[in-house]
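Since the structure comes first, as structure tokens, the remarks are kept for the end.
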Amino acid sequence: MVRVRFAPSPTGYLHVGSARTALFNWLFARANKGSFILRIEDTDVERSKEDYVAKITDDLRWLGLDWDEGPDKGGDLGPYRQSEREDTYRRFADKLLKEGKVYHCYCTDEELKARRAEALKIGRSPQYDKRCRDLSKEEILKFKERGIKPALRFRVPEKKLVVNDIVRGAVVFDTLSIEDFVIMKSAGTPTFHFAVVCDDALMKITHIIRGEDHLPNTPKHILLFEALGFDMPRFAHMSLTMAPTGDRLSKRTGSTSIGYYREEGYLPEALVNYLVLLGWSPGDDREILSRGEMIKDFKLERLSRSSEAFDPQKLDWMSGVYIRKTDVERLARLSIPYLVKAGFINKDIDGDEFEKLKGIIAVVRDRLTKIKDVTSETEVFFNNEFIIKDKDAKAVLSEDNSKAVLSLFLKKLGEADNIDEEIFKGAIKDIGKETKLKGASLYHPIRVALTGQLNGPELKLIIPLLDKESCVDRVKRALNIG
Ligand code: GLU
């Protein structure tokens, strides 16, 4: 059975590239009726933060990437946080020590640093010089007397390694380029390499799907799998997602974090659809894919070998497509926090107000790229005192024809009990007859007076969403401005 994992280090927010790694693992698990496991790699105590764990898991849930085993869910092969697995790492490190596959290294960080600098200065390899590989009993005793706590280093065998990567094909490594690396630090904690291998093996991970940036680590991992006598998983190293600038996406760049897109009001399904096409294709030119279609057509072999840049414009386009497909009820509900923040509505809007909001959203839906846009797109429905930013729109109000149209419209409003589409149409017809104006000369003054803009949804759709008093206020204000 397929078992894959997403193994974030909680040292930053979930960023777009990591979310894509999670997505591909999730899709592979779902496509193969396997298990998707969440493992928190928090061995770096100084940089790992509990807040990040909460935010990462929350963002994954928001994206709809649910896991079958994980820290909160449990599972037979847990615990699923590396900080809770230290006994396990120690046990396997002891095993390797007994078998002579690792050795104690007493070199201090300062010594190692100085030696590396020296090697680089004289043009030699900065690799660890293996000086603790075969220490005599006396030498070891001396170090012990000095109270130095040793690290454990892996005795790298000399051989050629071939990684049959599902995405990249056969990748050959010569272990001569790999130094005797540390598996347990002198503080008694595992290194990333050792913890990952123990966990992947013990959690029975069948496929390791991760970013290409981990490819240089893979030979070390293979050596450890072999040394520990574990079954070897398959590897798939995905191309990386680059920033629009061509640089690597950084965890610390705000606009590349999933949280940023979430706050901006992108729909999770739009973001997932955008991410799945970064370096993967369903085998044809479909771009809008439901989750079911993604699962049905997901194959690791279809992952591209070349990196792709994150393209915010394409994401915006896709987001708009999804918004237009989303029912008004959901969009209205998602809009509430933004409109509350803008001061347009109260948090607890009642049934009638919600119905009105739905009407407003229906009118502006096609103009939204993301939910946050509701703030600017709907201001006109909530605020009689909106500012007319567009100079051309403002200019319309100073034309004589406009004043005539608006004065007549104000009169019509005064005569009507209420304002709806029918009354508006009748009023326009009468004003047209009286002023002999038509088209833009007739509609623009009213549009600008009511909405502040020359473009936008049709007036007959807007009018029913404004009450008569608002219309009167707005027209009076426009006559004063002009
Ligand atoms: N914890 C690693 C990271 O966040 C992932 C390790 C792996 O996928 O093997 O980059």
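Both counts, for ligands and for their atoms, begin at 1 and track the order of listing. When reading the values below, keep in mind they use all heavy atoms of this one structure, side chains included, and skip hydrogens, waters and symmetry mates.
Residue contact annotation: Phe6 has no non-hydrogen atom under 4.0 Å from ligand 1.
Close placement of the Phe310 and Tyr261 rings is indicated, their centers lying within 6.0 Å of each other. You'll find the ring centres of Trp67 and Tyr80 outside the 6.0 Å limit.
Close contacts of ligand 1 with Arg210, meaning ligand atoms under 4.0 Å from a residue heavy atom, involve 7 (C), 8 (O), 9 (O). Short contacts between ligand 1 and Glu41, defined as distances under 4.0 Å to a heavy atom of the residue, involve ligand atoms 1 (N), 2 (C), 5 (C), 6 (C). Close contacts of ligand 1 with Phe192, meaning ligand atoms under 4.0 Å from a residue heavy atom, involve 2 (C), 6 (C). The atoms of ligand 1 that sit less than 4.0 Å from any heavy atom of Ser9 are 1 (N), 2 (C), 3 (C), 4 (O). Listed by number with element, the atoms of ligand 1 under 4.0 angstrom from any heavy atom of His214 are 2 (C), 3 (C), 5 (C), 6 (C), 10 (O).
By the criterion of a heavy-atom distance under 4.0 Å, the side chain of Arg5, and not its backbone, is placed next to ligand 1.
At a cut-off of 3.5 Å, with distance as the only test, a side-chain donor of His221 or His193 sits close to an acceptor on the other residue. Of the N and O atoms on the side chains of Arg20 and Thr241, at least one donor lies less than 3.5 Å from an acceptor on the other residue.
For a threshold of 3.5 Å applied to N or O pairs, the pair formed by Ala7 and ligand 1 contains at least one separation below that value.
When side chains are defined from C-beta on, Arg155 counts as touching Tyr103, because their heavy atoms get closer than 4.5 Å.
Among residues at least two apart or in separate chains, salt bridge (charged side-chain N to carboxylate O under 4.0 Å, His left out) pairs with a member in residues 181-202 are Arg5-Asp200, Arg39-Asp199, Arg39-Asp200, Arg85-Asp199.
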